[in-house]
Amino acid sequence: MDAPVTDRPATEGAGAEIDLAIEGMTCASCVRRVERAHSRVPGVSRAEVNLATERARVRGMADLARLTEAVAAAGYAASPVAQVRPEAAQARDTRALRHVLIAAVLSAPLLLGM
């Protein structure tokens, strides 16, 4: 079986991955602008930006300082995503579960009345 033919270079995706939090995006045009700013930085092989999570994942051998400067030049703010400690993630999940349970208890009388 032959390997699939792609138009991407074989080295795409090589190197490190950097996750950035992007502030100030409001639409799909903003996403394209940030992706374009990242793609112009030397050493970037691929840039993906998600509007819903306000995150960017950049692959390649680019410098973090150059990536944040490129985003700032495009009119947005970027900062490295801090790794969440397991204890902090567990506390966040517990708090979310508590909110769901409280909402369910408070909604039950409304559902019973229907």
Side-chain angles (χ1 to χ4, degrees):
M1 186 159 119
D2 293 330
V5 177
T6 63
D7 57 348
R8 294 184 215 156
T11 58
E12 182 174 301
E17 282 189 357
I18 299 174
D19 289 334
L20 297 169
I22 309 293
E23 296 178 23
M25 295 188 304
T26 58
C27 62
S29 178
C30 297
V31 170
R32 285 191 300 274
R33 196 172 298 129
V34 172
E35 285 178 344
R36 191 173 31 237
H38 280 151
S39 66
R40 290 180 180 159
V41 174
V44 171
S45 61
R46 185 177 185 129
E48 300 168 356
V49 179
N50 187 317
L51 177 62
T53 61
E54 295 183 330
R55 300 284 169 100
R57 176 166 286 168
V58 181
R59 292 184 181 101
M61 300 302 292
D63 183 41
L64 177 62
R66 285 187 175 197
L67 293 171
T68 56
E69 289 171 4
V71 173
Y76 306 95
S79 60
V81 175
Q83 297 299 323
V84 178
R85 295 188 329 244
E87 303 89 30
Q90 184 177 4
R92 183 188 64 224
D93 293 345
T94 303
R95 187 172 45 253
L97 178 62
R98 184 176 39 232
H99 289 163
V100 168
L101 292 175
I102 291 170
V105 168
L106 293 175
S107 299
L110 294 173
L111 294 174
L112 292 174
M114 290 183 176

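Along the sequence shown, residues carry numbers from 1.
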(request) Please determine which of E23, H38, R33, M25 meets the side-chain contact (heavy atoms from CB on, under 4.5 Å) test together with V71. (result) H38
(request) Could you check if a side-chain atom of V49 sits within less than 4.5 angstrom of a side-chain atom of R32, using non-hydrogen atoms only? (result) no
(request) First locate atom CG of D93, then atom CZ of R98, and finally report the distance between them rounded to the nearest 0.5 Å. (result) 12.0 Å
(request) Work out which heavy atom in R55 is nearest to a heavy atom in A21; give both atom names and the distance. (result) CD-CA, 4.1 Å
(message) What's the separation between atom OG in S79 and atom CG in L64, rounded to the nearest 0.5 Å?
(response) 9.5 Å
(request) Search all heavy atoms of G24 against all heavy atoms of Y76 and return the closest pair with its distance. (result) O-CE2, 3.5 Å
(message) Which residue in the set V58, L67, D63 passes side-chain contact (heavy atoms from CB on, under 4.5 Å) when paired with V41?
(response) L67
(request) Give a yes or no on whether a salt bridge exists between E17 and R59, defined as a side-chain N under 4.0 angstrom from a carboxylate O. (result) yes
(message) Counting C-beta onward and ignoring hydrogens, is there a side-chain heavy-atom pair between L51 and I22 closer than 4.5 Å?
(response) no
(request) Work out which heavy atom in V81 is nearest to a heavy atom in L20; give both atom names and the distance. (result) CG2-C, 3.5 Å
(request) Indicate yes or no for a side-chain donor-acceptor contact from S107 to the backbone of A104 under 3.5 Å, with no hydrogens or angles considered. (result) no
(message) Does any part of the side chain of S39, heavy atoms only, come nearer than 4.5 Å to the side chain of R46, both counted from C-beta?
(response) no
